Amino acid sequence: MRLSVIGCGYLGAVHAACMADLGHEVVGVDVDAAKVDLLAAGTPPFHEPGFADLLERALATGRLTFTTDPDAVASAQVHFVCVGTPQREDSYAADLRYVDDAVDALVARLAPHPDGPVVVVGKSTVPVGTAERIAARIARAAPDAGATLVWNPEFLREGFAIQDTVSPDRIVYGLPPGPDGERAAEVLDAVYADLLARGVPRLRTDYATSQLVKVAANSFLATKISFINAMAELCEATGADVTELAEAIGYDDRIGRKFLRAGVGFGGGCLPKDIRAFMARAGELGVDQALTFLREVDAINLRRREHVVELAAAACGGSLSGARVAVLGAAFKPDSDDIRDSPALAVAEGVAGRGGQVVVTDPAALENVRRTRPHLRTEPDVRAALAGADVVLLLTEWREYVGLDPAEVGELVARRQVVDGRNVLDPARWRAAGWTYRGLGRP
Ligand code: UGA
């Protein structure tokens, strides 16, 4: 089938390449010429395991192209809207300008398609009510195109983006009532035929539910993380161990073990801004009380960052002034170069703000750090970053940091002190090598 993917960031670029790999003919459109050039040349503009190979393979078939030309969507029957919805600068709400721009550009080019009904598929994470507004806009601006909007939220995780796109836990269609919705669902079923044949569950619902599914899922995940981080605070006050607590409660299937890793908290381009946008939208809908708990989820999460700065200061005798602090990790999670709302960088900034001499290292994200935070000192080689450190902060659990040999790297630092912001190091091993080890919520 002929598809267009509008917005070639993390979501769009991976979606476009996966759809081409499934056999569809895909044009990816983005306003960022530099990004389009990179993608067209087979160079991923971001770090994602497996994406370079997938992109190369898909481009080689000739079925995948990238362009800045908005007219290129005209040949497609199905249009995926994959642009970003960041937090607004002046409030908690989502900034919908990219969605609105993309839809404006698209509706001006919608026309009947020889292969069947035209379908616009919203994948961006949006405040509930946006799909209804876009559907009305399509009907008003392109009444003759016969186009139908389906809301089809995306649940991919960075670091597992390809797997989550081709083998998602579920596919959700938000459909308008009536025959238009039925026909649009059939078209989307044909797009996802491979996935559906492999048994991926597909849920059909209305627009409002489909939009809420996405933010509800991210809110639940954020709540789980903040719950265990709140327990970490209790553990610290009582001498208990949050990792053992998480393991023990996780054996209960109703609770589950996943997303109960206590540490420096969640970050990234999704969870933090999604819970804030959800609160903002609830306020607009007059049901803000329903989500006041998310304010606490956010507060617990942000408190983790300050707590790690305090632990670093305590390790340095109470003052960070002039202390050499090695920060291992800058990305918001491993296998990503994404530094949006990264807890690691928030801590690095906090330490630097209190006079610490910070050196940040990361296997993938340093270019992004230098571009956005030129005042932070970066060092690509982890051993060089550790040299002369008074305290080491492990803040992103990259495999290479988890695997460090405490005896060997102990020779590099000035003082053997480590704060394990992700609770991934073996305390006994590090202590045996002469380190003062501090985990989060661990004795
Ligand atoms: C998240 C969701 O997991 C995806 O399902 C969703 O599609 C995506 O947002 C989105 O809205 O697009 P992602 O932001 O890639 O995916 O990252 P996660 O794996 O959810 O991790 C988020 C943060 O939580 C990271 O900073 C991670 O270190 C932290 N985390 C995760 C914890 O602190 N503890 C845990 O137990 C798990």
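Since the structure is predicted, the reported quantities are computational estimates derived from the model, not experimental observations. Numbering of ligands and ligand atoms starts at 1, following listing order.
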Who's touching ligand 1 if we go heavy atoms under 4.0 Å? E154, F155, L156, R157, E158, K214, N218, L221, I225, F259, L260, R261, G265, F266, G267, C270, L271, D274, F332, K333, R422
Side chains of Y10 and D338 only: does a donor on one sit below 3.5 Å from an acceptor on the other? no
Test D335 against W398 for side chain to side chain contact (heavy atoms under 4.5 Å, CB included), laying out the working first. CA-CA 7 Å; D335 289 322; W398 285 95; 3.9 Å; yes
Taking only residues two or more places apart in sequence, or in another chain, which ones meet H15 in a ring-ring contact (aromatic ring centres under 6.0 Å, His included)? F80
Strictly below 4.0 Å, N to O, side chains only: are R63 and E25 in salt-bridge contact? no
Do N229 and S226 meet the criterion of a side-chain donor-acceptor pair at a distance under 3.5 Å? no
Measure from NZ or CZ of R157 to the centre of the six-membered ring of F160, then state whether that distance is under 6.0 Å and the direction lies within 45° of the axis. yes
